[in-house]
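In this text the structure is predicted, and so the values were computed from the model without any measurement. Convention: sequence-line order gives letters A, B, ...; per-chain numbering from 1.
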Amino acid sequence: MSRQVVTRFAPSPTGMLHIGGVRTALFCWLFARKHGGRFILRVEDTDLSRSTDDNIRIIEEGMAWCGLEWDEGPVQGDPSQWVGPHGPYRQMQRMELYRAKIQELLDKGLAYRCRCSRETIEARRKTVETAGKVFQYNRGMDRGKGCADAGHDASQPAAIRFRMPETGDILVADLIKGDTRFPADSLDDWIIARTGDGPGQIGVPTYNFCVVVDDTHMEVTHVIRGDDHLNNTPKQIPLFEAFGYDLPAFAHVPMILGADGAKLSKRHGATSITEYQAMGLLPSAVRLALARLSWTPKIDGRAVESAEEELLTDEQMIQLFDLADCQKSAARFDMDKLQWINQKLIQRSPWQELEPHLRPFVPELWDNKPAAWRERAITATQKGKSLTDMAEALRFAFERPESFDEKAVEKFLTPSLKPALAEVAALADYTHDALEAAFTSILERHGLKTKDLAQALRVALCGKPVSPGIYDTLMLVGREEVAERLKRWL
RNA sequence: GGGGCUAUCGUCUAGGGGUCAGGACACCGCCCUUUCACGGCGGUAACACGGGUUCAAAUCCCGUUAGCCCUACCA
């Protein structure tokens with residue numbers, strides 16, 4: 001009988017939620033949902049210099065916007081509260097546990113106090129490296145010089161090191177990377193707790209220690225994280241063993257690179273999830289695009305094979321998700337594909353579903369419009385690549401043009417069109433069918449083509465020769481306002 | 001320097017001994033069209049390099065190169 005699946009996303013609050021982190025979180029979320037398990041959000045704030053409530057809030061908001069709801073973790077916006085049986089979910093609030101576990105290792109002789117100053121270690125490192133060897137604490141040329149053997153003055157504050165195995169290989173059985181072996185003699189006794197405040201004190205524990213304790217105490221069954229942590233795993237495994245803990249399953253997902261193949265950073269443009277939000281992307285599109293980096297969904301053992309199949313719903317993603325279908329190599333982030341997915345999802349969303357997402361991008365006036373108008377506004381612009389495109393395409397409906405495209409005026413607003421425009425200005429019935437009928441009649445009487453009138457109207461009404469379908473354009477501007485905007489051209 | 005991971009069209013990828021090396025995005029062309037778009041149809045384009053193993057290698061093995069990660073009292 002296997003335990004319920006539990007995954008976790010454990011970001012450190014550095015000031016933004018990185019898109020790469022979101023992708024890792026997404027994999028954790030998909031995996032938990034697929035197996036009917038739980039998904040934990042845990043905040044790794046042991047780096048005191050960077051962690052603030054504000055930074056934690058940024059993570060919570062980013063996750064929430066992405067639709068990656070967590071079953072256990074902090075309560076959004078309230079630092080004092082959490083949901084779930086294994087809280088608190090902020091590491092700085094879990095110090096008692098860590099200190100007890102460190103004391104346990106100390107008592108068992110599996111860890112020891114290290115009083116080597118940074119200066120001493122640097123000096124020793126230098127000696128070893130000038131001899132052309134690799135420096136490892138208390139290993140190789142440094143053997144016998146570490147505190148494990150030295151019996152330093154116990155009255156001094158100390159850091160704490162974990163006694164690592166010295167021979168053999170440490171095996172990481174990774175669900176994505178496969179079996180990976182690390183020679184034990186390439187590692188050394190690493191620090192699990194920083195120097196404490198006074199003699200006998202235990203300082204703030206380090207990342208690699210907290211993860212092991214937390215993952216176990218939070219009953220995490222599957223550690224799914226970025227592959228920058230693959231090299232940390234052989235440090236952590238002996239620690240699990242020292243505690244007598246069961247090993248979770250590990251899955252290290254490849255990194256996301258910028259378009260040029262370098263690590264995704266500021267200069268590639270958007271790295272923070274809030275920037276994607278501001279670009280007018282749907283959270284569902286971000287989820288799909290991110291999921292498809294390094295993951296190929298297989299339907300009946302066959303990779304997706306058409307544009308239609310590419311456009312998976314969340315339900316389909318959850319159903320299809322499998323770590324075995326994940327790539328081992330890093331993927332470059334493709335903004336074009338994200339935008340294509342966004343466009344497709346915008347196109348196929350019912351207008352009511354789109355409205356709350358579009359709302360932040362349009363003027364306040366939006367709320368005063370009747371439902372029929374809002375529906376028309378959305379359906380008339382639903383071919384845009386983004387919500388910002390839609391909002392831009394709807395500007396004419398909220399405000400009069402500030403300026404008029406001179407070339408377009410010259411080309412389309414010819415004097416001969418005035419009588420036809422005057423007739424349009426006088427139209428009373430603003431239903432689609434009535435407008436169409438009226439246009440047919442006007443066109444016929446004036447010997448014009450649809451294009452002539454439509455373009456002239458677009459320029460007169462919107463200032464430029466681009467707008468939604470001409471009847472939609474008229475209806476969105478509204479009868480009285482059309483008459484008003486047409487006056488100056490008659 | 002040491003250890004680890006990775007390598008198929010521009011990008012995401014399928015393919016795991018015999019394929020005209022398949023698809024999606026992007027790009028280009030044609031069609032549709034009241035503008036911009038949407039849509040439809042078609043096209044260009046790839047196995048990093050060098051050795052093996054084999055009748056046969058993108059596929060298996062070794063090496064090289066390149067990129068990334070770890071090598072902190074950061075996470």
(request) List in chain and number order the residues that pass ring-ring contact (aromatic ring centres under 6.0 Å, His included) with A/Phe404, two or more places apart in sequence or in another chain; answer none if no residue qualifies. (result) A/Trp489

(request) Searching all strands shown, indicate the nucleotide that pairs with B/A14 (Watson-Crick or G-U wobble; both distances under 3.5 Å). (result) none

(message) Quick check for you: name the first and last nucleotides of RNA chain B, 5' to 3', having an atom under 4.0 Å from a heavy atom of chain A.
(response) B/G1 to B/A75

(message) Taking B/A46 as the reference, what is the distance to B/G15 when you measure between their C1' atoms (whole Å, please)?
(response) 13 Å

(request) Name the orientation of the base relative to the sugar in B/C38: syn if the glycosidic angle is within 90° of 0, else anti. (result) syn

(message) Rounded to the nearest 0.5 Å, what separates atom CD in A/Glu166 from atom CZ in A/Arg139?
(response) 4.0 Å

(request) Report the glycosidic orientation of B/G16: syn if within 90° of 0, anti in every other case. (result) syn

(message) Short of 4.0 Å, heavy atom to strand atom, which residues of residues 192-201 of chain A count as contacting RNA chain B?
(response) A/Arg194, A/Thr195

(request) Quote, to the nearest angstrom, the C1' distance that separates B/C32 from B/C68. (result) 47 Å

(message) Between A/Asp214 and A/Tyr98, do the side chains contain a donor N or O and an acceptor N or O under 3.5 Å apart?
(response) yes

(request) Can you tell me, in whole Å, how much space there is between the P of B/G63 and that of B/C5? (result) 12 Å

(request) Tell me, with the steps shown, if A/Phe27 and A/His222 meet ring-ring contact (aromatic ring centres under 6.0 Å, His included). (result) CA-CA 11 Å; A/Phe27 276 27; A/His222 296 259; over 10 Å; no

(request) Name all residues meeting the ring-ring contact (aromatic ring centres under 6.0 Å, His included) criterion together with A/Tyr137; count only those two or more places apart in sequence or in a different chain, and write none if there are none. (result) none

(message) Around atom NZ of A/Lys464, are there more than 12 heavy atoms from other residues, nucleotides or ligands closer than 6.0 Å?
(response) yes

(request) Write down the distance separating the P atoms in B/A26 and B/G16, rounded off to the nearest Å. (result) 28 Å

(message) By the 4.0 Å heavy-atom rule, please label A/Lys411 as base, sugar-phosphate, or nothing.
(response) nothing

(message) Given 3.5 Å as the limit, does a donor-acceptor pair link the side chain of A/Gln343 with the main chain of A/Lys383, or not?
(response) yes

(request) Classify the nucleic acid contact of A/Lys263 as base, sugar-phosphate or nothing, counting any heavy atom under 4.0 Å across all strands shown. (result) sugar-phosphate

(message) Classify A/Pro465 by what it touches in the nucleic acid, base, sugar-phosphate, or nothing, heavy-atom distance under 4.0 Å.
(response) base

(message) Taking B/C49 as the reference, what is the distance to B/A58 when you measure between their P atoms (whole Å, please)?
(response) 10 Å

(request) Strictly below 4.0 Å, heavy-atom distances to any atom of RNA chain B: list the hits from residues 322-337 of chain A, or just say none. (result) A/Gln327, A/Lys328, A/Ser329, A/Ala331, A/Arg332, A/Asp334, A/Asp336, A/Lys337

(message) Need one value for A/Pro468: base, sugar-phosphate or nothing, where a base atom within 4.0 Å counts as base even if backbone is also close, heavy atoms only.
(response) base

(message) Between A/Thr233 and A/His252, do the side chains contain a donor N or O and an acceptor N or O under 3.5 Å apart?
(response) yes

(message) For RNA chain B, which residues of residues 379-393 of chain A approach it to below 4.0 angstrom with any heavy atom?
(response) A/Lys383, A/Lys385

(message) Can you give me the closest heavy-atom contact between A/Ser467 and A/Arg458, atom names plus distance?
(response) OG-NE, 2.9 Å

(request) Quote, to the nearest angstrom, the P distance that separates B/A21 from B/A45. (result) 13 Å

(request) Sticking with atom C1', work out how far B/G43 lies from B/A48, rounded to a whole angstrom. (result) 27 Å

(message) If I pick the P atom on B/U13 and the same atom on B/A7, what distance separates them, to the nearest angstrom?
(response) 10 Å

(message) Considering every strand and a 4.0 Å limit on heavy-atom distances, what is the contact class for A/Arg139: base, sugar-phosphate, or nothing?
(response) nothing

(message) Pairing check on B/C49: which nucleotide meets the Watson-Crick or G-U wobble criteria with it, both distances under 3.5 Å?
(response) B/G63

(request) Look at A/Asp322 together with A/Lys298 and state whether they make a salt bridge at an N to O cut-off of under 4.0 Å. (result) no

(message) Testing the 3.5 Å rule here: is there a donor-acceptor pair between the side chains of A/Tyr112 and A/Asp189?
(response) yes

